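Read through the structure below, which is laid out as structure tokens, and then see the notes.
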Number of protein chains: 2
Amino acid sequence: MFSKSCEYAIKAMIFVAQKSDSDSKVGLKEIAEGTDTPVPFMAKIMQELSKKKLVHSSKGPNGGFYMNKKNLKTSIADIVLATDGDGIYSKCVLGLKNCNEKTPCPVHHEYKDIKKKFIAMLEKNTITDFNEKLMTKKFFLKNEEN
Amino acid sequence: MFSKSCEYAIKAMIFVAQKSDSDSKVGLKEIAEGTDTPVPFMAKIMQELSKKKLVHSSKGPNGGFYMNKKNLKTSIADIVLATDGDGIYSKCVLGLKNCNEKTPCPVHHEYKDIKKKFIAMLEKNTITDFNEKLMTKKFFLKNEEN
DNA sequence: TTATAAAAAGATATTTTTATCTTTTTTTTT
DNA sequence: AAAAAAAAAGATAAAAATATCTTTTTATAA
Ligand code: FES
Ligand code: FES
């Protein structure tokens with residue numbers, strides 16, 4: 001569905017939102033550990049997210065990653081777009097060069113509806129929403145049997 | 001969403017169903033051409049599908065690929081399962097090791113519903129259905145701008 | 001102002017997916 | 001039987017995704 005980079009990015013964003021506030025930042029290692037991802041790969045991802053301003057970072061001692069209010073409103077769709085591009089919006093499920101109404105593939109019309117719902121979900125859910133969910137301790141970013 | 005192999009497999013299955021009947025078979029090259037895929041890669045895919053009995057083949061002059069009645073009832077889900085495995089059924093969108101109700105990721109519950117609809121679509125649509133659609137000439141397996 | 005901690009950047013390595021090429025086997029026709 | 005046509009099988013290559021390692025820059029604190 002999504003690339004590993006994207007999956008990691010989503011988890012990282014949620015994690016940072018959870019653990020950081022105005023004056024305490026989260027370090028790379030902590031993010032990797034908390035989301036169960038390889039440290040150097042997570043480093044790359046955080047750099048990307050940071051470059052694209054989905055999170056902010058500060059270097060030096062006590063540095064790390066953190067979010068501002070705008071960042072907290074980031075939706076899953078935003079993260080997917082930043083990491084995997086707009087494929088979910090534009091691409092044909094069967095891989096036709098163009099997904100359009102003029103030359104639709106056999107699943108186009110049916111898929112359109114599902115796609116709409118899926119995208120709506122991605123756009124609706126913000127980091128803050130997840131944050132709230134996670135506070136209830138009923139949701140997880142990693143689970144058993146690794 | 002799906003792997004290239006899977007996309008190609010779906011298109012190939014539809015194509016073979018369209019073009020073959022009890023005594024005329026479809027050759028590899030014709031399939032590759034008709035679905036706009038690289039010939040040697042399509043060869044591999046047809047071998048797989050054939051080994052898994054989703055299509056049948058005969059060697060030698062006038063040989064090629066064809067389908068029996070059972071094959072025509074193959075659903076998209078069957079093809080996806082054969083080529084990409086059961087990931088769409090079992091995997092967590094965020095890549096958690098286990099997707100379950102006990103330790104759900106933050107999108108689990110919402111995604112569950114969409115997933116169900118998506119899978120239903122894949123299971124409902126058979127090759128025959130597509131075949132009928134394609135007969136109307138209102139659907140396509142390849143389009144412009146390649 | 002120096003040492004240190006942390007992210008940024010860049011280079012390299014591994015694995016998986018996608019694609020291609022070559023040889024073998026099977027079947028049909030002559 | 002021999003030749004030819006077609007898929008099957010196997011080997012190889014290229015590209016993309018994933019993962020790791022090393023060096024540089026920046027900011028803080030002593
Ligand atoms: S053309 Fe295939 S999904 Fe639109
Ligand atoms: S745990 Fe993530 S989708 Fe089920």
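Just so we're clear, the structure is a prediction, and the values are computed from it rather than from any experiment. Every chain is numbered from 1 and lettered A, B, ... according to where its sequence line falls, protein lines coming before strand lines.
- Tyr66(B) places its OH atom 11 Å from the P atom of dT27(C), with the value rounded to the nearest Å.
- Put simply, CD1 on Ile10(B) and CG on Leu141(B) are 10.5 Å apart, with the number rounded to the nearest 0.5 Å.
- Of the residues in residues 48-63 of chain B, those lying under 4.0 Å from DNA chain C by heavy-atom distance are Lys59(B), Gly60(B), Pro61(B), Asn62(B).
- To the nearest angstrom, P of dA7(D) lies 15 Å from CD1 of Ile45(B).
- Taking every heavy atom of both residues into account, Tyr66(A) and Val16(A) meet most closely at CA-CG1, 3.9 Å.
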(request) Show your reasoning for whether side chain to side chain contact (heavy atoms under 4.5 Å, CB included) applies to Met121(A) and Lys117(A). (result) CA-CA 6 Å; Met121(A) 177 187 89; Lys117(A) 290 202 178 77; over 6 Å; no

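- Rounded to an integer number of Å, the gap from Phe65(A) CZ to dA5(C) P is 18 Å.
- Nearest nucleotide to the side chain of Lys44(B), out of dA8(D), dT18(C), dT20(C): dT20(C).
- Distances shown here put every side-chain N or O of Tyr8(A) at or beyond 4.0 Å from the OP1 or OP2 atom of dT18(D).
- Scanning residues 77-94 of chain B for heavy-atom distances under 4.0 Å to DNA chain C yields an empty list.
- Here dA11(D) presents its C1' atom at 13 Å from CD of Gln47(B), a figure rounded to the nearest Å.
- Put simply, CE on Met42(A) is 13 Å from C1' on dT18(D), counting in whole angstrom units.
- Between the CG atom of Asp36(B) and the C1' atom of dA19(C) there is a distance of 15 Å, given to the nearest Å.
- One atom, NZ of Lys4(B), and another, P of dA17(D), lie 10 Å apart when rounded to the nearest Å.
- A side-chain contact (heavy atoms from CB on, under 4.5 Å) with Phe140(B) holds for exactly one of Pro106(A), Pro104(A), Cys105(A); it is Pro104(A).
- Ring geometry, Phe139(A) versus His109(B): the interplanar angle exceeds 60°, so the pair is classed perpendicular (tilted spans 30 to 60°).
- Nearest heavy atoms, Ile127(A) versus Ala17(A): CG2-CB, 3.2 Å.
- Lys11(B) and Leu94(A) get closest at one heavy-atom pair: CE-O, 3.3 Å.
- Contact annotation for Pro40(B): base contact, defined as any heavy-atom pair under 4.0 Å involving a base atom.
- The CZ-P distance, from Phe41(A) to dT20(D), rounds to 9 Å in whole Å.
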Using a 3.5 Å cut-off and no angle test, enumerate the donor-acceptor pairs between side-chain atoms of residues 53-63 of chain A and protein atoms at least two apart in sequence or in another chain.
| residue | atom | partner | partner atom | Å |
| --- | --- | --- | --- | --- |
| His56(A) | ND1 | Asn71(A) | OD1 | 2.9 |

(request) Would you write the dot-bracket representation of DNA chain C, where each base gets (, ), [, ], | or . depending on whether it forms a Watson-Crick or G-U pair under 3.5 Å and with which partner? (result) ||||||||||||||||||||||||||||||

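- The two residues Glu33(A) and Lys142(A) come nearest to each other via the heavy atoms O-NZ, 3.2 Å.
- In this structure, the nucleotide among dT20(D), dT18(C), dA8(C) sitting nearest to the side chain of Pro38(A) is dT20(D).
- Sorted by first and then second residue, the pairs that involve residues 119-132 of chain A and meet side-chain hydrogen bond (donor to acceptor under 3.5 Å, both in side chains), not counting sequence neighbours, are Tyr89(A)-Glu123(A), Lys124(A)-Glu110(B), Asn125(A)-Glu110(B), Thr126(A)-Asp129(A).
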(message) Show, in sequence, the C-alpha distance, side-chain angles and deciding distance for Glu30(A) and Lys25(A), and conclude whether the salt bridge (charged side-chain N to carboxylate O under 4.0 Å, His left out) test is met.
(response) CA-CA 10 Å; Glu30(A) 204 183 339; Lys25(A) 304 181 190 92; over 6 Å; no

For residues 41-48 of chain A, tabulate all N or O donor-acceptor pairs below 3.5 Å that involve a side-chain atom, not counting sequence neighbours.
| residue | atom | partner | partner atom | Å |
| --- | --- | --- | --- | --- |
| Glu48(A) | OE1 | Lys52(A) | NZ | 3.4 |

